[in-house]
Amino acid sequence: MLKGKHLIDPMDFSLIELEEIFELSDRIVSNPENFLDVCKGKLLATLFYEPSTRTRFSFEAAMLRLGGQIIGFSEPNSSSASKGESISDTIRTVACYADIAVMRHPKEGAPRVAAMNSDIPVINAGDGGHQHPTQTLTDLITIRAAKGKLTGLKIGLCGDLMFGRTVHSLIKALSRYEGNEFILISPKELQVPSYIKSEVLEKNNIKYKEVERLEEVMEEIDILYMTRVQKERFFNEEDYIRLKDSYILDKTKMDMASQDLIVMHPLPRVNEIAVEVDKDPRAWYFKQAKYGMFARMALICKLLGVDE
Amino acid sequence: MLKGKHLIDPMDFSLIELEEIFELSDRIVSNPENFLDVCKGKLLATLFYEPSTRTRFSFEAAMLRLGGQIIGFSEPNSSSASKGESISDTIRTVACYADIAVMRHPKEGAPRVAAMNSDIPVINAGDGGHQHPTQTLTDLITIRAAKGKLTGLKIGLCGDLMFGRTVHSLIKALSRYEGNEFILISPKELQVPSYIKSEVLEKNNIKYKEVERLEEVMEEIDILYMTRVQKERFFNEEDYIRLKDSYILDKTKMDMASQDLIVMHPLPRVNEIAVEVDKDPRAWYFKQAKYGMFARMALICKLLGVDE
Amino acid sequence: MLKGKHLIDPMDFSLIELEEIFELSDRIVSNPENFLDVCKGKLLATLFYEPSTRTRFSFEAAMLRLGGQIIGFSEPNSSSASKGESISDTIRTVACYADIAVMRHPKEGAPRVAAMNSDIPVINAGDGGHQHPTQTLTDLITIRAAKGKLTGLKIGLCGDLMFGRTVHSLIKALSRYEGNEFILISPKELQVPSYIKSEVLEKNNIKYKEVERLEEVMEEIDILYMTRVQKERFFNEEDYIRLKDSYILDKTKMDMASQDLIVMHPLPRVNEIAVEVDKDPRAWYFKQAKYGMFARMALICKLLGVDE
């Protein structure tokens with residue numbers, strides 16, 4: 001039973017709870033017209049203390065496609081926060097008007113504080129560099145849609161693996177399923193933090209390897225999760241010049257890969273995936289955005305307890 | 001018949017008209033599900049020339065919970081006003097698209113000008129330091145819900161009583177009902193303006209007294225309406241230090257009061273009500289926010305002529 | 001069949017396609033209640049990279065009155081564009097969430113780029129000083145409603161005819177219909193660009209004349225389309241002083257005109273139409289705003305393929 005719960009950390013839900021959401025999202029994907037009115041009379045509050053058009057659109061589209069409605073703000077300066085109100089008072093007031101709330105906040109932990117003081121379900125839509133659990137949910141649902149399973153997969157994660165919260169959450173989430181293996185592709189200075197290797201991967205006897213170049217591993221992976229490498233993050237210019245092209249996915253690299261590969265990206269991309277790749281049927285990043293909306297539809301239904 | 005009227009000043013409606021709104025809001029509170037579609041096909045325009053998230057949310061939630069829809073802006077810079085259009089032209093254009101409009105404006109009198117040029121009902125959602133009639137409506141409906149009546153009450157008003165428009169409007173509104181008595185609690189320099197004492201209270205033979213400290217009167221009041229006292233408003237540091245704690249409601253002061261007291265506050269609060277008071281069942285300020293939404297639902301229905 | 005098409009340039013649709021839209025807009029005007037649910041379950045994305053409250057309201061009211069819903073932004077800084085995402089990636093992501101998109105952009109050609117990369121219909125709501133095709137559609141539908149035809153009319157266009165894109169588009173659009181004649185009223189330095197005279201008017205043997213003063217032609221015209229003349233656009237102070245009153249429509253000038261004249265204006269106006277004219281039944285500029293909403297309702301239905 002997910003009704004009335006909050007979603008603050010990607011690991012908040014058990015595998016059984018996730019399975020419930022997956023099952024509902026399958027039903028929504030197959031017959032969206034059955035869900036046109038399930039949230040009729042319900043209000044979602046979108047509290048974006050930091051702009052994020054893409055995430056906001058995804059939540060709003062999800063709620064509206066369920067027949068629910070939206071109140072909200074998309075910028076901090078138009079909110080009461082500027083009058084010095086506490087997060088706790090804000091959420092308690094919002095709970096007078098809305099049935100469920102989504103919060104994006106530049107400060108880590110803010111959505112947790114809101115949830116602790118809230119009578120309505122609170123969903124964390126990103127708190128600083130910390131957590132973004134509906135991105136992880138999106139990623140799982142996308143992989144499941146593409147591969148039919150979340151087990152026994154060889155997942156390549158490429159780019160800045162040190163600072164990318166998306167990647168850390170996905171490793172943790174996929175580590176809960178049997179037989180997955182990780183290929184971590186990044187410059188030496190941007191490798192996955194060591195606590196993830198020791199506390200998540202090694203502790204659970206999960207196979208992984210670290211490589212510097214995408215070319216080396218294109219052939220063997222089932223999933224390629226791309227993220228951006230920012231020039232400023234390199235220690236020296238020399239390394240940057242030597243490696244930069246290794247983290248740009250293009251047609252040549254795609255030609256090395258299996259026909260069953262899927263390419264994912266949390267978007268927006270800058271230049272880490274060449275536009276020429278977009279036409280390849282293995283490019284799943286825009287589909288992933290669409291599954292993100294379905295994931296949020298399923299989540300909202302479950303937290304409100306209105307599934308079908 | 002309120003259909004087609006505007007609400008600009010808290011005193012715009014007669015007691016009979018107010019009674020109509022109270023009666024409808026009672027029905028909405030009891031059976032909100034009966035009102036899910038009464039505004040179907042109707043549009044509310046929220047014209048916020050000054051941000052006020054709380055008030056905007058309350059109106060938008062009200063309209064959406066009636067099955068209506070919203071167009072609007074929440075900041076002045078995104079409006080045509082920045083192109084130098086007159087209020088009168090703006091409202092006439094908005095009236096082409098919407099069925100009812102809510103206006104918040106930093107300039108006193110702007111909503112009145114809009115109403116004078118409008119074919120659709122205009123609701124004043126705050127014009128500068130001037131009027132905020134739906135706050136007063138909210139206060140009346142909350143008191144009525146808590147006490148079952150608007151007569152024969154001993155109302156304590158605490159804080160900055162000189163500049164607080166909310167308090168002035170509430171005194172005027174409650175003075176129209178029999179047997180009410182006011183306890184005005186404030187520093188000497190922030191007492192209720194003398195025209196309110198002479199023109200409203202004394203003229204109508206309404207009992208009132210003025211005190212400096214909340215502790216003195218906690219025991220005798222039925223309603224405590226708290227507002228904030230800003231340090232800058234004191235004449236001297238000495239007075240501020242001597243008095244400041246008298247205007248902070250905490251558990252100790254609550255212990256002096258009747259079990260039937262209700263505590264109200266227009267929100268947002270800063271520190272004038274200690275968080276420890278929130279759990280006390282006599283704390284009605286968040287309930288008041290909820291009644292604010294119901295008040296606006298009833299008001300919108302009446303002005304549109306769609307009750308039931 | 002307009003289903004799935006984009007509207008980027010006012011000349012994108014054939015006369016037959018326009019006729020389809022006119023016919024549907026007639027039905028909407030007569031029986032709006034028949035269209036309350038035709039867009040149920042559909043989402044319109046309003047992508048305003050430049051604020052334009054009036055145009056945004058018109059589109060949003062149109063979609064909501066059809067039973068559809070809205071996601072969107074009204075300012076560039078709250079959009080992903082600030083993260084450096086390409087227009088093409090933005091529209092492809094938006095197409096995951098919405099069924100149709102409206103774009104306003106300060107850069108000429110941006111909506112065209114979006115359309116080329118979009119799986120959903122894209123409507124240009126103004127790109128820089130370039131095109132604003134739904135304004136032209138509004139103008140045609142208004143004239144048709146007032147005059148019962150789009151042929152054999154004497155159309156006066158007054159103001160800055162050099163830089164006004166609205167006027168250029170309207171000349172092109174009305175030149176496609178038989179027997180129309182144009183009276184171009186402007187200061188010499190702000191006359192219609194010569195390519196419009198040679199390529200549009202003369203090439204098609206369309207009668208036109210150019211005059212400097214509104215007074216000269218009030219008597220003979222069927223339609224007066226007013227636009228603003230900005231002082232900065234005059235070459236010298238002397239001309240400005242000599243001519244400025246000629247471009248202000250007031251009661252005196254209205255008295256010279258036919259009883260069948262209609263006065264149009266794209267709004268917002270500043271002072272080019274005196275407020276005293278508003279009460280004249282021949283003043284159609286606010287009606288025009290209302291027809292703008294109906295025009296957009298018809299357009300959205302057609303592009304979505306949901307007409308009745």
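Computed from a prediction, not measured in an experiment: that's the story for all the values here.
Taking Cys96(B), Gly72(B), Ala98(B) one by one and counting their heavy-atom pairs under 4.5 Å with chain C, the maximum is reached by Cys96(B).
At a 4.5 Å heavy-atom cutoff, Asp119(B) makes no contact with chain C through either its backbone or its side chain.
Atom CZ of Arg269(C) and atom OG of Ser86(B) lie 6.5 Å apart (nearest 0.5 Å). For the atom pair OG1 (Thr53(C)) and CD1 (Ile71(B)), the distance works out to 10.0 Å, reported to the nearest 0.5 Å. To the nearest 0.5 Å, atoms CD (Glu60(C)) and CD1 (Ile70(B)) are separated by 11.0 Å. If you take OH on Tyr285(C) and OG1 on Thr93(B), they are separated by 11.0 Å, rounding to the nearest 0.5 Å.
Leu36(C) approaches Gly41(B) most closely through the heavy-atom pair CD2-CA, 3.7 Å.
Applying the side-chain hydrogen bond (donor to acceptor under 3.5 Å, both in side chains) test to Thr55(C) and every residue at least two apart in sequence or in another chain returns Ser52(C). Every residue two or more places apart in sequence or in another chain that forms a side-chain hydrogen bond (donor to acceptor under 3.5 Å, both in side chains) with Asp160(B) is listed here: Arg233(B).
Counting only heavy atoms from C-beta outward, the side chains of Val270(C) and Glu85(B) never approach each other to under 4.5 Å. Residues Tyr97(B) and Ser58(C) form a side-chain contact, since some pair of their non-hydrogen atoms from C-beta on lies under 4.5 Å apart. Inter-residue side-chain proximity for Asp37(C) and Lys40(B) is flagged as met; some heavy-atom pair is nearer than 4.5 Å. Inter-residue side-chain proximity for Asp89(B) and Phe286(C) is flagged as met; some heavy-atom pair is nearer than 4.5 Å. The shortest distance between side-chain heavy atoms of Gln69(C) and Gln69(B) falls below 4.5 Å.
Within a 6.0 Å radius of CG in Asp245(C), more than 12 heavy atoms belonging to other residues, nucleotides or ligands are found.
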